[in-house]
Each structure stands twice: as structure tokens, then as C-alpha cells.
K.L.:
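Attaching a single structure in C-alpha cells format; questions to follow.
Below, all heavy atoms of this structure are taken into account, side chains as well, without hydrogens, waters or symmetry copies. Bear in mind the structure is a predicted one, so any value in this text is a computation, not a measurement. Lettering follows sequence order; numbering is per chain, from 1.
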Amino acid sequence: ATALPVVISTWAFRGAAETAWRVLQLGGSELDAVEKGCGQCEIDQCDGSVGYGGSPDESGETTLDAMIMDGNTMEVGAVADLRHVKNAIGVARKVIEYTKHTLLVGESASLFAVRMGFPYEDLTTQKSLSMYLKWLNQSCQPNYWKNVVPDSSKSCGPYKRPEKVTPEEEQLISQRSVQNLQSHD
Amino acid sequence: TIGMVVIGGSGAVASGTSTNGATHKIPGRVGDSPIAGAGSYADSTAGGAAATGDGDIMMRFLPSYQAVEYMRMGADPAVACQKVISRIQKYVPKFFGAVICANTTGSYGAACNKIPGFTQFHFMVSSPFLSQPTEQVVDCI
């Protein structure tokens with residue numbers, strides 16, 4: 001396809017693609033289309049990897065990362081580790097419009113979002129809570145720790161640095177780590 | 001991650017991502033998605049790209065920035081995406097990841113890293129040539 005406009009997006013997230021295309025057709029800007037398109041995925045909780053109620057961290061909490069970039073001005077707005085606010089890409093857009101920064105993170109980003117009028121909400125759902133409890137019940141496997149004691153491939157921790165880990169032990173531990181295809185960005 | 005690149009009728013480019021990250025991550029962990037040049041990148045003088053997959057690995061290569069720079073040097077979007085995946089493959093052969101690319105004339109492409117259980121990557125495209133937003137698929141390299 002060599003004609004414009006074009007909208008391309010990852011995975012078969014049809015709702016997001018249709019929303020972005022409709023915003024463009026209705027005269028919205030490219031940034032509007034990205035914000036509303038990706039925002040639709042946050043509402044739809046696309047395959048559990050976007051939006052609230054998915055991918056709980058080790059404390060069972062869902063946190064959100066998002067960015068938006070204007071290719072005309074090279075302006076970027078982004079939030080990372082955003083807590084208690086659902087519309088992450090909406091907040092990222094506000095970073096462009098109301099700050100001279102680029103990236104705001106964590107609970108402080110949430111406070112900025114509230115100041116911009118976004119509701120402060122609980123991002124945990126029954127589904128993310130049951131994922132978390134199931135993970136706790138299977139000795140916290142898989143996880144993202146390595147070279148720690150107790151052996152992170154066997155137990156939940158709390159972990160700490162060992163006094164000494166021999167190269168052989170390190171090799172053995174790293175070979176055991178299993179790739180979890182469901183856990184990605 | 002939802003990653004998106006929009007090329008407007010005048011060739012203006014915008015991009016974006018949104019994700020809730022890796023499951024069971026260590027609290028405070030942030031992946032590639034919110035990092036400009038990693039999660040996505042847009043430059044109306046060249047094109048746009050967005051990435052999805054294992055952010056801990058992909059962010060180290062700034063794949064979206066790299067893909068846009070390949071397109072700036074004239075690479076077709078599909079080739080630009082493939083070159084980015086190949087670059088990461090050299091260091092992490094079994095990484096889970098995919099990239100979408102589009103240039104300012106409306107050409108687009110995608111590429112992904114072939115690993116057991118992930119041999120094709122599905123993405124969505126909308127354009128005047130398509131009657132409606134359409135799911136397309138690419139074989140991983």
C-alpha cells in the first residue's frame with residue numbers, strides 16, 4: 001500500500017485500529033488518532049497486556065507505561081510505572097501539552113494525572129488478583145530474579161545477594177530460567 | 001503492548017504505545033514502551049515505527065529509532081523492520097519481539113523474531129486501499 005493516510009498497529013487489536021482510523025476519517029489529527037486508538041485498547045484491555053487489570057507485578061499491582069510522539073515537532077509525552085490511573089496514553093498526551101518534560105514516572109506521575117483531571121482508581125481486578133494469587137501458590141514462578149538466595153527458581157524469597165555464587169552455579173541457574181511468552185510488553 | 005504508527009494524508013507521522021508491562025515484574029520495572037526510540041518513534045521526515053515483545057531486551061537496541069533511521073536511508077519499511085530484528089538476534093537469538101514500520105509515502109511492513117511458539121506476527125493496517133481496518137500477518141525471520 002503506498003497511499004495515505006495509513007494506520008498500522010501491533011497485534012490483531014481490531015478495536016484500536018478501527019478507532020484510530022475513524023478519528024482520522026472524522027478529521028482528527030495524527031496524534032488524536034494515536035491517542036484514541038491506543039486508548040481504546042486500554043479500555044478493551046487488549047489480550048490482557050494493555051490497560052488495567054493485567055500483568056500484575058510481584059506485589060499484585062497493575063502499573064501502566066505509555067508514550068506518544070509527534071513526528072512534526074519531535075515532541076514526546078510518556079508515563080511509566082503509572083499507578084491508579086487507567087488512561088495512560090491520555091496522561092502521556094497531557095505531558096506534551098502541559099509540561100516541558102518528556103517522561104513522568106510512578107506515583108508522582110499519578111499525582112500529575114489527577115491534577116490534569118484523570119480519576120484516581122484501583123487498577124486491580126478479580127482477574128489480575130487471581131493471576132497474582134496463582135503465581136504465589138506456584139512458588140512465584142516464573143520471575144525476573146537471578147543470582148540470588150534463596151534460589152529464585154524454587155521459592156518466593158525475599159531474595160538477597162548471596163555472599164558468593166560460583167560461575168558454575170550461575171550458569172546452571174540461568175539455564176533453568178524458562179521464557180514465558182505470555183509475559184511481554 | 002499496543003504500538004501504533006499513523007501517517008496522515010499530508011505525510012505527518014505520529015506514534016504511540018500503551019502497555020501494562022511484563023507479568024510478575026519486579027515492582028518499579030519499566031519496559032521499552034514509554035521510552036522514545038524504543039517503544040515507538042516518529043519523524044515526519046522519514047517515517048515511524050513501534051515495537052512489542054520482551055521490553056527488557058528490546059529497549060537496549062532502540063529498535064523503533066533504528067528502524068526509522070534505516071527508512072531515512074532509503075530502506076523499504078519491511079526491510080527496515082527485518083534489519084532491526086536481525087540486529088537484536090545477534091545478541092539474543094531467542095528474544096520474543098516484533099516491530100512495525102511505515103514511511104511517509106504510506107508503505108508499511110513488519111518483522112518478528114522466530115522462536116518456538118511464535119512463528120508469525122499479526123498486525124492491523126488501515127489505508128484507502130483497504131475497505132476496512134485489516135488484519136495482516138508476517139512470517140517471522
K.L.:
Which of residues 79-86 of chain B get closer than 4.5 angstrom to chain A, counting heavy atoms alone?
P.N.:
none
K.L.:
Main chain of Phe95(B), side chain of Asn113(B): is a donor-acceptor contact present, judged purely on distance under 3.5 Å?
P.N.:
yes
K.L.:
If you measure from CD1 on Ile100(B) to OG on Ser9(A), what distance do you get to the nearest 0.5 Å?
P.N.:
6.0 Å
K.L.:
Does CZ belonging to Phe118(A) count more than 12 external heavy atoms closer than 6.0 Å?
P.N.:
yes
K.L.:
Using a 4.5 angstrom heavy-atom cutoff, name the option from Val34(A), Asp65(A), Val76(A), Leu64(A) with the most pairs to chain B.
P.N.:
Asp65(A)
K.L.:
Between His24(B) and Trp135(A), what is the ring plane arrangement, given parallel below 30°, perpendicular above 60°, and tilted in between?
P.N.:
parallel
K.L.:
Tell me, out of Gly31(B), Pro27(B), Gly48(B), who's got the most heavy-atom pairs with chain A below 4.5 Å.
P.N.:
Pro27(B)
K.L.:
Name the orientation class of the two ring planes belonging to Phe96(B) and Trp11(A) (parallel below 30°, tilted from 30 to 60°, perpendicular beyond 60°).
P.N.:
parallel
K.L.:
Just by modelled atom types, is the Ser139(A) backbone N or O under 3.5 Å from a matching donor or acceptor in the Gln141(A) side chain?
P.N.:
yes
K.L.:
If we ignore hydrogens and angles and just use 3.5 Å, is the side chain of Asp44(A) paired with the main-chain N or O of Cys46(A) as donor and acceptor?
P.N.:
no
K.L.:
Using non-hydrogen atoms only, which part of Thr63(A) is less than 4.5 Å away from chain B: side chain, backbone, both, or neither?
P.N.:
both
K.L.:
Who else is in the cluster with Val114(A) when I, L, V, M, F, W and Y are joined by side-chain contacts under 4.5 Å?
P.N.:
Tyr120(A)
K.L.:
If you count heavy-atom pairs under 4.5 Å between each of Gly53(B), Ala102(B), Ala51(B) and chain A, which one has the most?
P.N.:
Gly53(B)
K.L.:
Between the side chain of Thr1(B) and the main-chain N/O of Gly3(B), is any donor-acceptor distance below 3.5 Å?
P.N.:
no
K.L.:
Please identify, among Glu18(A), Glu42(A), Arg14(A), the residue contributing the most non-hydrogen atom pairs under 4.5 Å to chain B.
P.N.:
Arg14(A)
K.L.:
How many angstroms lie between CG in Leu136(A) and CD in Glu58(A), if you round to the nearest 0.5 Å?
P.N.:
9.5 Å
K.L.:
Roughly how far, to the nearest 0.5 Å, is NZ of Lys114(B) from NZ of Lys94(B)?
P.N.:
13.0 Å
K.L.:
To the nearest 0.5 Å, what is the distance between CG (Asp43(B)) and CE (Met69(A))?
P.N.:
7.0 Å
K.L.:
Quick one: of Ser128(A), Gly53(A), Cys41(A), who has the most non-hydrogen atom pairs under 4.5 Å with chain B?
P.N.:
Cys41(A)
K.L.:
If you count heavy-atom pairs within less than 4.5 Å of chain A, which of Gly16(B), Ala46(B), Ala42(B) leads?
P.N.:
Ala42(B)
K.L.:
If we ignore hydrogens and angles and just use 3.5 Å, is the side chain of Thr19(B) paired with the main-chain N or O of Ser49(A) as donor and acceptor?
P.N.:
yes
K.L.:
What part of Ala98(B) lies closer than 4.5 angstrom to a heavy atom of chain A: side chain, backbone, both or neither?
P.N.:
neither
K.L.:
What residue among Leu24(A), Asp32(A), Leu31(A) forms side-chain contact (heavy atoms from CB on, under 4.5 Å) with Val6(B)?
P.N.:
Leu24(A)
K.L.:
Could you check Ile26(B) against Tyr159(A) for side chain to side chain contact (heavy atoms under 4.5 Å, CB included), going step by step and ending with a plain yes or no?
P.N.:
CA-CA 12 Å; Ile26(B) 297 168; Tyr159(A) 309 110; over 6 Å; no
K.L.:
So which of Met4(B), Gln132(B), Met124(B) has the largest heavy-atom pair count under 4.5 angstrom toward chain A?
P.N.:
Met124(B)
K.L.:
Among Ser33(B), Gly8(B), Ala50(B), Gly55(B), which has the most heavy-atom pairs under 4.5 Å with chain A?
P.N.:
Gly8(B)
K.L.:
Counting heavy-atom pairs under 4.5 Å to chain A, which of Val13(B), Val30(B), Val5(B) comes out on top?
P.N.:
Val5(B)
K.L.:
What distance separates Trp145(A) CH2 from Asp151(A) CG, expressed to the nearest 0.5 Å?
P.N.:
13.5 Å
K.L.:
Looking at Val50(A), Asp57(A), Ile8(A), Ile68(A), which makes the most heavy-atom pairs under 4.5 Å with chain B?
P.N.:
Ile8(A)
K.L.:
Hey, are Arg29(B) and Asp56(B) close enough for a salt bridge, meaning a charged N less than 4.0 Å from a carboxylate O?
P.N.:
yes
K.L.:
Taking atom types as modelled, is there a side-chain donor on Ser40(B) or Ser15(B) under 3.5 Å from an acceptor on the other?
P.N.:
yes
K.L.:
Atom CG of Asp70(A) and atom CD of Glu75(A): how far apart are they, to the nearest 0.5 Å?
P.N.:
6.0 Å
K.L.:
What residues of residues 78-105 of chain A sit under 4.5 Å from chain B when only non-hydrogen atoms are counted?
P.N.:
Ala78(A), Val79(A), Ala80(A), Asp81(A), Arg83(A), Ala88(A), Ile89(A), Leu103(A)
K.L.:
Taking 4.5 Å as the heavy-atom cut-off, does anything in residues 133-141 of chain B contact chain A, and if so which residues?
P.N.:
Pro133(B), Glu135(B)
K.L.:
So for Met74(A), is it side chain, backbone, both, or neither that comes closer than 4.5 Å to the heavy atoms of chain B?
P.N.:
side chain
